[in-house]
Amino acid sequence: MPELPEVETTRRGIAPYLEGKRVTQLIVRDRRLRWPIPEDLAIQIEDQVFTRIDRRAKYLLMHIGGGVLIGHLGMSGNMRLVPIGTPAAKHAHVDIELDSGLALRYTDPRRFGALLWSNDPMAHPLLASLGPEPLSEAFNGELLYQRSRGKRSAVKPFIMDNAVVVGVGNIYASEALFAAGIDPRREAGRISKARYVQLALEIKRILAYAIERGGTTLRDFTGGDGQPGYFKQELFVYGRGGELCKVCGRTLSECRLGQRSSVYCSSCQR
DNA sequence: CGCGACTCCTGCCGGC
DNA sequence: TGCCGGCAGGAGTCGC
């Protein structure tokens, strides 16, 4: 479910309902996420006020009290606001009840996500060595070109490496490579600067468009306001192995790169 | 040290 | 209809 546009859509959806609100109670039904939810989290956030909701890569940074609640949605997580007292469905692991009468509910069937606490999130090991944000000026074709020199791995896992650029997951990596006409299997270190300039532009364009549309709806993703976004029908290659290329009409190929399924058009992408 | 493989977990889908 | 294997939007960690 969550790639960067989904996380940003979540941030925009929840921020207005958190900022300025006081936490009345933390309810943890299951602590077992990717890492256990810290035992002292209630002490850190109860009776404190959320001041600002930021995002770094796919991490939500919820400033409150003397630090930051770090949230990650993993593969299957979501955060929604519900009225306090709404019965907890299966996998609704955490409620953060607010003095507004609403609660921020964290639901995550696969429990690959995380809720952590830090006094200094940028120094946190999970955040300290992340690459630039894809929509920032720091990310561009020159950076991809420089960072790729000498790399033997395929270009698709290269652009999905969070140390290179954050927030490019399997869907948008696949779509950006199609848009740039680059075969995802091509060796990262042997791609020209000109092609990386185009690839960076396509990554920015596609991510910005997906954010504008409110994230991809693959199964049941909706933002904080419950509006579904960017539909599967708009994707050119992701999830379309064996179907016909929307541009040239040939059958789309599929392979695995870095243990992730990768669909591409062997005619449009070289 | 770079890179690929493995791992965590539940749900869902297709095939038999 | 039911069971089983495989795969799924992430990403840290391990081992070669």
Side-chain angles (χ1 to χ4, degrees), chain A residues 1-10 29-37 55-60 70-79 89-94 106-116 124-131 134 147-177 184-190 203 206-207 210-211 213-223 228-232 234-243 254-263:
Chain A
M1 185 186 306
E3 287 210 26
L4 187 137
E6 291 72 22
V7 178
E8 177 62 18
T9 297
T10 297
R29 300 186 189 84
D30 193 341
R31 243 173 238 292
R32 299 172 302 160
L33 301 184
R34 171 131 201 204
W35 298 277
I37 295 173
R55 179 186 58 71
R56 174 74 175 103
K58 294 172 188 163
Y59 296 93
L60 289 164
I70 301 174
H72 196 288
L73 302 176
M75 293 271 266
S76 58
N78 67 68
M79 290 190 189
K90 199 174 182 185
H91 307 306
H93 306 311
V94 178
Y106 176 83
T107 301
D108 186 0
R110 292 174 73 177
R111 292 191 277 112
F112 286 177
L115 275 184
L116 298 168
H124 193 284
L126 292 174
L127 294 159
S129 54
L130 293 173
R147 295 292 308 264
S148 63
R149 292 310 91 183
K151 295 274 186 190
R152 305 294 315 277
S153 62
V155 62
K156 180 164 172 275
F158 170 70
I159 61 172
M160 292 177 68
D161 181 348
N162 282 334
V164 174
V165 55
V166 300
V168 182
N170 202 25
I171 300 175
Y172 300 110
S174 303
E175 294 297 309
L177 285 163
R185 302 168 299 175
R186 185 171 283 278
E187 193 175 315
R190 295 181 180 232
I203 289 171
I206 289 169
L207 288 176
I211 290 169
R213 294 295 308 273
T216 298
T217 299
L218 281 176
R219 289 205 161 82
D220 59 353
F221 178 81
T222 57
Y230 192 0
F231 283 86
K232 192 183 178 207
E234 297 186 60
L235 300 173
F236 283 89
V237 288
Y238 178 82
R240 300 191 66 242
E243 297 178 33
E254 190 161 11
C255 67
R256 288 189 80 79
L257 293 169
Q259 295 73 242
R260 312 304 293 274
S261 100
S262 305
V263 180

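Residue numbers begin at 1 in each chain, while the letters A, B, ... track the order of the sequences. This structure is a prediction, so every number in the text was calculated from the model and none was measured.
A tilted orientation is assigned to the rings of A:Y106 and A:H93, their planes being inclined by 30° to 60°.
We find that CE of A:M160 is positioned 20 Å from P of B:dG2, with the value rounded to whole Å. Separating the CZ atom of A:R260 from the P atom of C:dC7 is a distance of 13 Å, rounded to the nearest angstrom.
Looking at heavy-atom distances under 4.0 Å, A:R152 makes contact with sugar-phosphate atoms alone, never a base. Using a 4.0 Å heavy-atom criterion, one finds that A:D108 contacts no nucleic acid atom at all. Within the 4.0 angstrom heavy-atom criterion, only backbone atoms of the sugar-phosphate kind lie near A:Y59; the bases stay farther away.
The main-chain N or O of A:R32 is found under 3.5 Å from a side-chain atom of A:R111 such that the two form a donor-acceptor pair. Using modelled atom types, one side-chain atom of A:R149 and one backbone atom of A:G189 make a donor-acceptor pair closer than 3.5 Å. Judged purely by atom type and a 3.5 angstrom limit, A:R55 has no side-chain atom pairing as donor or acceptor with the backbone of A:L4. For the pair A:E3 (side chain) and A:V168 (backbone), a donor-acceptor distance under 3.5 Å is absent.
When Watson-Crick and G-U wobble pairs are counted only if both distances are under 3.5 Å, B:dC13 pairs with C:dG5. The partner of B:dC8 is C:dG10, judged by Watson-Crick or G-U wobble contacts that both fall below 3.5 Å.
For A:R111 and B:dC9, a side-chain-to-base donor-acceptor distance below 3.5 Å is absent, hydrogens and geometry of angles not being considered.
Here A:F112 packs flat against the base of B:dC8; its ring centre is closer than 5.5 angstrom to the base's six-membered ring, tilted by less than 30 degrees.
For the OP1/OP2 pair of B:dC9 and a distance below 4.0 Å, the side-chain nitrogens and oxygens of A:H91 include no atom meeting the criterion. At C:dA8, one or more side-chain N or O atoms of A:R256 fall inside 4.0 Å of OP1 or OP2 (strictly under the cut-off). Close to C:dA11, at under 4.0 Å from its OP1 or OP2, lies a side-chain N or O of A:H72. Side-chain nitrogen and oxygen atoms of A:S153 include none within less than 4.0 Å of the OP1 or OP2 phosphate oxygen of B:dG2. When the side-chain nitrogen and oxygen atoms of A:K90 are compared with OP1 and OP2 of B:dT10, none of them lie within a distance under 4.0 Å. Side-chain N/O atoms of A:K58 include one lying less than 4.0 angstrom from OP1 or OP2 on C:dA11.
Taking the nucleotide of DNA chain C with the nearest heavy atom to each of A:R110 and A:A57, the more 5' of the two is matched to A:R110.
If you take atom P in B:dC9 and the same atom in C:dC3, they sit 24 Å apart, rounded to whole Å.
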